[in-house]
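Below: one structure in structure tokens.
Since we're looking at a predicted model, the values are computed, not measured. Within every chain, numbering begins at 1; the chains are lettered A, B, ... in the order of the sequence lines, protein sequences first and strands thereafter.
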Number of protein chains: 2
Amino acid sequence: MVDLFTVLADPSRRRILDTLRGGDGLIVKELTAALDLSQPNVSKHLRVLREAGLVTETVERQRRRYRLRPDALRELDAWLAPYRRFWVQRLDDLADHLDSSTPPEGT
Amino acid sequence: MVDLFTVLADPSRRRILDTLRGGDGLIVKELTAALDLSQPNVSKHLRVLREAGLVTETVERQRRRYRLRPDALRELDAWLAPYRRFWVQRLDDLADHLDSSTPPEGT
DNA sequence: TGGTTATATAACTGTCAAGGCATGTAAATT
DNA sequence: AATTTACATGCCTTGACAGTTATATAACCA
């Protein structure tokens, strides 16, 4: 369960990440309220996210504040990189095509 | 099982995609040989990948050639985009920091 | 025609994880 | 001290696949 892709495969976890994107972290209760999930459910997902390095936990007395750690997503970006080449390539092809074809009317 | 993240969560499927990145597609038999997976297993994964729009199937007589369709990964890129902001931000912060500190010796 | 090749699909089995409920624990409140 | 709040964790059930084996289908070959 350490695999980043597997961790991101769960919609609830992605919603948690999306929610943590704004502001400076949220405590568990705020997350359960925002996402309408049960507290144990949220806690479990947070554990998985934490073990994957996607969030950090800060203890504040009784509460625990979770913050996004977007660096962990660079692994995903790295995986995607060689594929991104392809659609950039297509844009280049399109540009070449436009260059070699009759220019359109207006400008 | 139409969810892109779920489809990509399987390592075998990612290996298939990686393998299809070079050349102009492969037939099923070539994939099974390259990845050392059973033929039914490969066929099932290819079906999932096809239904997710990640590969295309071309019938060549008896054989079926599968090609990568990297456009389908733009959805993943789009999901990642708002997170990419964050680590770009950090680079900016670093740049700002360097600007405001004593310039290094050489050049 | 009969056999072989290439691929898909069905049926079965094992594994694993998501979510529910109940409970533990520590801090806060009264 | 007793209660409440905030959170984690354990157990349990259920469902979702992954992979195997066996079989169906279609094209190719001798």
Side-chain angles (χ1 to χ4, degrees), chain A residues 1-20 23-69 72 76 79, chain B residues 1-20 23-69 72 76 79:
Chain A
M1 181 49 123
V2 287
D3 177 50
L4 180 60
F5 286 89
T6 305
V7 171
L8 294 178
D10 187 273
S12 296
R13 283 195 286 265
R14 290 203 300 274
R15 289 180 63 208
I16 291 179
L17 293 180
D18 290 344
T19 306
L20 288 179
D24 187 36
L26 292 173
I27 63 172
V28 178
K29 200 192 180 187
E30 291 169 336
L31 276 171
T32 68
L35 302 176
D36 196 40
L37 299 173
S38 79
Q39 177 266 314
N41 193 4
V42 170
S43 284
K44 282 184 190 175
H45 283 310
L46 285 172
R47 179 183 171 88
V48 173
L49 290 170
R50 178 159 33 88
E51 286 174 349
L54 283 162
V55 301
T56 62
E57 183 195 64
T58 309
V59 176
E60 298 179 353
R61 322 267 179 183
Q62 236 180 330
R63 310 170 177 187
R64 303 185 180 207
R65 182 164 305 270
Y66 284 88
R67 290 185 178 84
L68 189 62
R69 234 193 103 224
L76 182 61
W79 180 85
Chain B
M1 183 48 126
V2 287
D3 176 51
L4 180 61
F5 287 87
T6 306
V7 171
L8 294 178
D10 187 90
S12 295
R13 282 194 286 267
R14 292 202 299 275
R15 289 180 62 208
I16 291 179
L17 293 180
D18 289 343
T19 306
L20 288 180
D24 186 36
L26 290 173
I27 64 173
V28 178
K29 200 192 180 186
E30 290 168 337
L31 277 171
T32 70
L35 303 175
D36 196 38
L37 299 173
S38 77
Q39 176 266 313
N41 193 7
V42 170
S43 283
K44 278 170 115 182
H45 284 310
L46 285 172
R47 178 184 171 88
V48 173
L49 290 170
R50 178 159 33 88
E51 285 173 350
L54 283 162
V55 301
T56 61
E57 183 193 65
T58 309
V59 177
E60 298 179 351
R61 321 269 177 180
Q62 236 179 328
R63 309 170 178 188
R64 301 179 181 212
R65 182 164 304 271
Y66 284 88
R67 291 184 176 84
L68 189 62
R69 234 193 100 224
L76 182 61
W79 181 85

Nearest-Å distance, CZ (R47(B)) to P (dG19(D))? 17 Å

Name each donor-acceptor pair under 3.5 Å that joins a side chain in residues 26-36 of chain B to protein atoms two or more places apart or in another chain, with its distance.
{"residue": "E30(B)", "atom": "OE1", "partner": "I27(B)", "partner atom": "N", "Å": "3.0"}
{"residue": "T32(B)", "atom": "OG1", "partner": "K29(B)", "partner atom": "O", "Å": "2.7"}

Would you mind reading off the distance between I27(B) atom CD1 and dC28(D) atom C1', rounded to a whole angstrom? 14 Å

When you measure from the side-chain N and O atoms of H45(B) to the phosphate of dC17(D), is any distance below 4.0 Å, counting only OP1 and OP2? no

Looking at side-chain heavy atoms only, is the closest gap between R67(A) and D24(A) below 4.5 Å? yes

Working to the nearest 0.5 Å, report the span between CG of L37(B) and CD1 of I16(B). 6.5 Å

Checking W79(A) against L8(B) for the side chain to side chain contact (heavy atoms under 4.5 Å, CB included) test, could you report, in this order, the C-alpha distance in whole Å, the side-chain angles of both residues, the deciding distance, and whether it holds? CA-CA 11 Å; W79(A) 180 85; L8(B) 294 178; 4.0 Å; yes

In residues 5-18 of chain A, which residues come under 4.0 Å of DNA chain D by heavy atom? none

Say you draw a straight line from CZ of R69(A) to CG of L17(A); how long is it, rounded to the nearest 0.5 Å? 12.5 Å

Can you give the donor-acceptor pairs under 3.5 Å from side chains of residues 50-57 of chain A to other protein atoms, not counting sequence neighbours?
{"residue": "E57(A)", "atom": "OE2", "partner": "R64(A)", "partner atom": "NH1", "Å": "3.4"}
{"residue": "E57(A)", "atom": "OE2", "partner": "Y66(A)", "partner atom": "OH", "Å": "2.7"}

Among residues 29-44 of chain A, which residues get a heavy atom nearer than 4.0 Å to DNA chain C? S38(A), P40(A), N41(A), K44(A)

Do D3(A) and R14(B) sit within salt-bridge range, that is, some charged N less than 4.0 Å from a carboxylate O? yes

Boundaries of the chain B footprint along DNA chain C (any atom under 4.0 Å from a heavy atom): dT5(C) to dA11(C)

Just verifying a value: how many Å separate F5(B) CZ and L76(B) CG, rounded to the nearest 0.5 Å? 5.0 Å

If you define the side chain from C-beta out and look only at heavy atoms, does anything of H45(B) sit under 4.5 Å from N41(B)? yes

Using heavy atoms and a sub-4.0 Å distance, could you list which residues of residues 57-67 of chain B are near DNA chain D? By number, please. R61(B), Q62(B)

